[in-house]
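Worksheet: one structure, shown below.
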Amino acid sequence: MEEKKLIEAFEWLHRHPELATQELETTAYLREALSRHGVRLLDTGLETGLIAEIGTGEGPVIALRADIDALPVCEQTGLPYASLRPGVMHACGHDFHAACMLGAALLLKERETALPGTVKVIFQPAEEVNQGAALMIATGLLDDVQLFFAGHTYPWYEAGTLGVRPGPVMASADRFSVKLTGKGCHAGHPEAGVDPIVALAAIVTAAQTIVSRRVNPFDSAVVSVTRVAAGNTWNVTPETAELEGTVRSMSEDVRNDIQRRLEALAKDTARAFGCAADFEYERGPAPLLNDAGVCRRVAALAREQGFTVAENPPTMIAEDFSGYLKIAPGVMLRVGTGGGWDNHHPRFTADPAVLAPAARFFAALAERELKYLKSQAAR
Ligand code: NI
């Protein structure tokens, strides 16, 4: 696929953003572009998202993953190909990811007879709501994948730079909530009730000690209470109070420990204040760990292809790409796309000039890694 066509695809996707789970036109567009070039599509049974397959249909198997959903953001880029849908925008560069992996898929298709195995190219829906990876994994079509790769737009690196960092790069992101039940009363007669607000305040304060006193200083974690709600006037002590927040960590051990600690702290503090506590903990994406050995090979190839390689800093934001890494190891790269506005900002942009080199890089990476796995299997 020539560069002009690739940029056209990117601009079309940018003009037609669709929210998580609603990526019907995006899916149709990608399906058409792949089918037109004779790329096989696997039957996922899903309404949105695609898995393309290129190569022998036999092992070794490598997957390249793009996410395809947009965000409920009002675009302010002023680009000639800005979103045609008010209030919906590709503000995280998933249009770039989709176009880039489309380009990689078509390059691999041209080299299909030379591939010593199979490449599955995943166009995943619903990343922004942390559902898409689980949907793709549940198809069972990725069970045989031995290595997963993805790239993510990164506005803090200029075009031509790739971020490759071994080890933990992105956090787990879990949601917790506590609902406290006391006993409502006249605010002038506190002795007649059980005030859930005082218990809630104690829990909020005590929760801050989890990171400072419980987590090993060499580990990273976040415990943030982000919403509190109680009462509706000044002279009535309410019956209930609730809070909600998030836990982030870079390892499963720390994550498990914080969950246990938070639950005990909420329940025991509530009891000390005479309240009942309803504690909920919902797990989101797992921490994302880049395989160190694979990172070395990725960085070497990136340099060979003329990219500057940088070790991007880790972040406490989460990505459901970590779900695939429970099947097999892999690497998520940062693709420098310039712009200087953060992902999810209404002015976020991704430099289209990076598309062609990034597509070539991922195609070469897939082919190179297939050869590597083949040679390992032969040993
Ligand atoms: Ni994103």
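For this chain, numbers begin at 1 and follow the sequence in order. Indexing begins at 1, ligand by ligand and atom by atom, following the structure's order.
For the ring pair (Phe, Tyr, Trp, His ring centres under 6.0 Å) condition, the pairs that include at least one residue of residues 284-340, sequence neighbours left out, are Phe148-Tyr324, Phe307-Phe361, Phe321-Tyr324. Identified under the salt bridge (Lys or Arg N to Asp or Glu O under 4.0 Å) test for residues 127-138, with sequence neighbours left out: none.
No side-chain donor-acceptor contact under 3.5 Å links Asp219 and Ser249.
Taking the six-membered ring where the residue is Trp, the centroids of His14 and His94 are separated by 6.0 Å or more.
Listing protein N, O or S atoms at distances below 2.8 Å from the Ni ion (ligand 1), with waters left out, gives Cys92 SG, His94 NE2, His152 NE2.
By the ring-ring contact (aromatic ring centres under 6.0 Å, His included) test, His90 pairs with no residue at all, sequence neighbours left out.
Taking the six-membered ring where tryptophan is involved, the planes of His152 and His97 are perpendicular, since the angle between them exceeds 60° and thus also 30°.
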